[in-house]
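Values below: every heavy atom of this structure, side chains too, minus hydrogens, waters and symmetry copies. Atoms within a ligand are numbered from 1 in the order they appear, just like the ligands themselves. For the single chain, residues carry numbers from 1 onward in sequence order.
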Amino acid sequence: MIKFACLTFICFLLHSSNGVQILHGVGDYTSYHVGNMNLVISVPHNGLKTTSDIPDRHNGCLDQNNNCIYTHNCGQQSNSCSVRTAGDSYTKSIATKFYDKVHELTGLYPHMIVSELRRKKMDPNREVNEATFGDPLATQVYNDFHNFINQAKNAISGDGLLIDMHGQTHPEEWIELGYLISRYQLVNNIWIPSISSIRALDSRFNNVGLENLVRGPNSLGKLLNDHSQLVVPSPNNPDPTASGNYYSGGFIVKTYGSKNGGNIDAIQVEAPKNIRFSSTKRTKFGQDLGSAVVSFMQTYYGLL
Ligand SMILES: [Zn+2]
């Protein structure tokens, strides 16, 4: 039996089968599976819903001081203020398999926040102006998404980890793990914990060191290598090489990881196209990510 209850803006849907509460934001454009552990999964770029109530996002305009203005009537659009609108296909499917595997292994439920709205309408992984162009409904959906992440973070009392799920189309076809450590820093062995999204982890395991946390024997990259996954950074691919394609982390990881303090770290996970567009490969990757994250958290966080 499924129970429904709606407040002003948010509806609660209670699944009696497993007791997991799912909150929905305005228009059902966001969802939050309320968890009971210290792992948060966010999926910002695989929304499939669209609406004519929100205008499409487009390039912004440059003002006199060369700052980008993101509004729908800003005037002459500029390539210097380009806006990405393509979604990350199949990342919700991967995240769901990841979520299920974590539950299977631990008996606990991660928190999972999903944007169900197309990126063309709103991008949760950008600051609010570029994300919404000031549209009131887009802003409400944006706020729902971020309020849900804050709610999840606030429910965690000790150390925790957020995994931000994305997809890319880089020709190397590797899985990219982003810790806010740039390609240049990885290639040139520049390790600055205070700018990374796992700053809290580094301070707890100062003896291990940031490099080992990122590509050493117990790193998430190594644990995924153990499942035959091609990953950068990892022991098999320590850095993206000087010219390789690599995303080091975006707005969500910057905002919700421990770069600016707190006990919650964040890692951006970018799945390549060959994994995302194969049902077999994305099932394996989702499950491998679940196993790897559980091992990683058992070593460094404790599962709470
Ligand atoms: Zn993305």
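Taking the ring pair (Phe, Tyr, Trp, His ring centres under 6.0 Å) definition, one finds that Y256 meets it with H146, sequence neighbours left out.
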Legend entry - Audit row: H45, D123, side-chain hydrogen bond (donor to acceptor under 3.5 Å, both in side chains) steps and yes/no: CA-CA 7 Å; H45 286 162; D123 185 344; 2.6 Å; yes
Legend entry - Derivation and outcome, ring pair (Phe, Tyr, Trp, His ring centres under 6.0 Å), residues Y99 and H33: CA-CA 10 Å; Y99 174 99; H33 284 60; 5.6 Å; yes
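Side-chain contact, D56 with H58: no donor N or O sits under 3.5 Å from an acceptor N or O.
Both tests hold for K273 against F277: distance to the six-membered ring centre under 6.0 Å, angle to the ring axis within 45°.
Annotation for N263 and G158: closest pair CB-O, 3.6 Å, computed over non-hydrogen atoms.
Shown here are the protein N/O/S atoms lying under 2.8 Å from the Zn ion (ligand 1), water excluded: H45 ND1, D88 OD2, H166 ND1.
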